[in-house]
Enquirer: 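Dropping the structure in here first, questions after.
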Amino acid sequence: MTISKKVAEVLTRSSWIRRMFEEGARLKALHGAEKVFDFSLGNPNLSPPAEFRQVARAILDKAGAHDHVYMPNAGYPFVRQRVAETLARQEGLPVTAEEVIMTCGAAGALNIILKALLDPGDEIITDFTLDLDALAAAITPRTRAVLINSPNNPTGQVYPAESLKALGALLASRSRELGRTLYLISDEPYRRIVFDGVSVPGIFDSYRNSLIANSYSKDLSLAGERIGYVAVNPQAEF
C-alpha cells in the first residue's frame, strides 16, 4: 500500500513509549501477562471503582433516544459544569463551565492547548525539579509556555506551593520584559494519586495565565475511556 510521505515520516518517528507498549503486548502474548512488567503507557493495574460500573449501567438503562447523538464540540454542558464545580473547590476560584473543554484524555487536552497557543518557531520549556534559575536562563523571546507535571511521572515529585508561586512570579516578570504572555500549563493526571498526607497545591492561585490538562485515566483506572479536559484559569489574559 502506498501512503503519503508525511504519514510515512510520522510513522518512522512514532513515540518510543507507544513502541514499548506494542512490544509489551507481543511479549505478554508470547510469555503470559503475569511474566511481563509493562512500564510504558502507565496503564493502571487496578479495576475501576465498583461505583463506576453501577453508575454506567444506570445511565445506559435510562438513556433516551437522543442521548447518544453528536454533542457540542466542548462537551456536554452538564459535564463541563460538574468538572468546573470540582475545580472551583480545588483551586479556590470561581471556575465555570465556560472555562472547561472536554477532551479525549489528557493527551487530547495538551494537544488542543498547544495548538491554540503556539505559532511555528515557539518554544515550550519543561522541568522536572522546578529549578527556577535554569528556567529563567532557558526563557527566550521564542518561549510561549512552561509545562509542568505534578505529581510528576516518573519522579513522583510534588511541587510545593511556594515553588509554584515563585514560578508564577518569574513568568509574570518575563512576560512584561518580553512583551508577550508566557503561559503555565499543568499536566495533572496523577493529581489524586498521593500518599502519606501529601497535598498537591493548585496552580490557578500561583499564576493567572495558567491552564490545566487532566483526565480520569489514572485516578479512576479509566484510561481506555479517554475522558479528559482542559481548564483555563478564569483570571487568564488572552
Side-chain angles (χ1 to χ4, degrees), residues 1-49 52-53 56 101-118 120-131 134-135 138 143-159 183-196 198 200 203 211-231:
M1 178 179 178
T2 302
I3 60 176
S4 72
K5 293 180 180 179
K6 183 176 181 179
V7 171
E9 181 182 354
V10 170
L11 290 175
T12 59
R13 295 186 289 107
S14 63
S15 166
W16 277 102
I17 295 177
R18 180 61 62 174
R19 292 189 200 179
M20 291 169 60
F21 173 73
E22 292 170 353
E23 177 65 8
R26 186 188 71 83
L27 292 173
K28 288 177 183 178
L30 182 63
H31 301 290
E34 71 283 355
K35 296 181 181 179
V36 178
F37 296 90
D38 187 346
F39 294 99
S40 57
L41 294 183
N43 266 318
N45 62 357
L46 299 175
S47 298
F52 167 75
R53 300 177 187 277
I101 297 176
M102 303 308 296
T103 63
C104 185
L110 290 172
N111 181 45
I112 67 169
I113 288 173
L114 297 180
K115 284 185 174 179
L117 296 182
L118 300 184
D122 282 347
E123 299 173 342
I124 295 289
I125 297 173
T126 60
D127 190 88
F128 285 121
T129 61
L130 283 192
D131 184 332
L135 283 169
T143 302
R144 176 54 77 186
V146 171
L147 173 61
I148 62 173
N149 175 222
S150 178
N152 186 269
N153 179 24
T155 69
Q157 182 175 10
V158 176
Y159 304 141
Y183 295 95
L184 176 60
I185 306 167
S186 184
D187 181 28
E188 301 187 355
Y190 297 91
R191 181 185 178 92
R192 295 185 181 182
I193 305 180
V194 291
F195 306 92
D196 302 324
V198 172
V200 181
I203 66 160
L211 305 96
I212 292 172
N214 205 348
S215 78
Y216 300 99
S217 296
K218 313 300 182 183
D219 56 4
L220 293 181
S221 293
L222 296 177
E225 301 295 338
R226 313 308 301 134
I227 306 172
Y229 63 84
V230 172

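Every heavy atom of this structure was used, including side-chain atoms; hydrogens, water molecules and symmetry mates were not. If you read the sequence from its start, that first residue is 1, and numbering goes on from there.
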Enquirer: Is L147 close to L114 at the side-chain level, that is, under 4.5 Å between some pair of heavy atoms?
Expert: no
Enquirer: So do the side chains of P151 and I193 get within less than 4.5 Å of each other, counting heavy atoms only?
Expert: no
Enquirer: Which residues pass the side chain to side chain donor-acceptor pair (under 3.5 Å) test with N153, not counting sequence neighbours?
Expert: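 Testing N153 for side chain to side chain donor-acceptor pair (under 3.5 Å), a comparison that skips the adjacent residues, returns Y190.
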Enquirer: Checking R226 against S217 for the side-chain contact (heavy atoms from CB on, under 4.5 Å) test, could you report, in this order, the C-alpha distance in whole Å, the side-chain angles of both residues, the deciding distance, and whether it holds?
Expert: CA-CA 7 Å; R226 313 308 301 134; S217 296; 3.5 Å; yes
Enquirer: Between E188 and I203, does a side-chain contact (heavy atoms from CB on, under 4.5 Å) hold up when you go through it step by step?
Expert: CA-CA 10 Å; E188 301 187 355; I203 66 160; 4.1 Å; yes
Enquirer: Under the criterion side-chain contact (heavy atoms from CB on, under 4.5 Å), I'd like the reasoning laid out for L117 against D122: C-alpha separation, chi angles, the key distance, then a yes or no.
Expert: CA-CA 9 Å; L117 296 182; D122 282 347; over 6 Å; no
Enquirer: Given the rule in the side-chain contact (heavy atoms from CB on, under 4.5 Å) test, do T143 and I125 qualify, once you have shown the distances and angles that lead to the verdict?
Expert: CA-CA 7 Å; T143 302; I125 297 173; 3.8 Å; yes
Enquirer: Using the side chain to side chain donor-acceptor pair (under 3.5 Å) criterion, which residues pair with Y229? Sequence neighbours excluded.
Expert: N214
Enquirer: Does D187 offer a backbone N or O that forms a donor-acceptor pair with the side chain of N149 under 3.5 Å?
Expert: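 At least one qualifying donor-acceptor pair exists.
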Enquirer: Quick one, R26 with E23, criterion salt bridge (Lys or Arg N to Asp or Glu O under 4.0 Å). Give me CA distance, side-chain angles, the key distance, then yes/no.
Expert: CA-CA 5 Å; R26 186 188 71 83; E23 177 65 8; 2.7 Å; yes
Enquirer: Please confirm whether the backbone N or O of T129 pairs with a side-chain atom of D127, one donor and one acceptor, at under 3.5 Å?
Expert: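 Judged by distance alone, yes, a pair lies under 3.5 Å.
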Enquirer: Only counting residues at least two apart or in another chain, list the ones meeting side-chain contact (heavy atoms from CB on, under 4.5 Å) with L220.
Expert: P49, Y216, L222
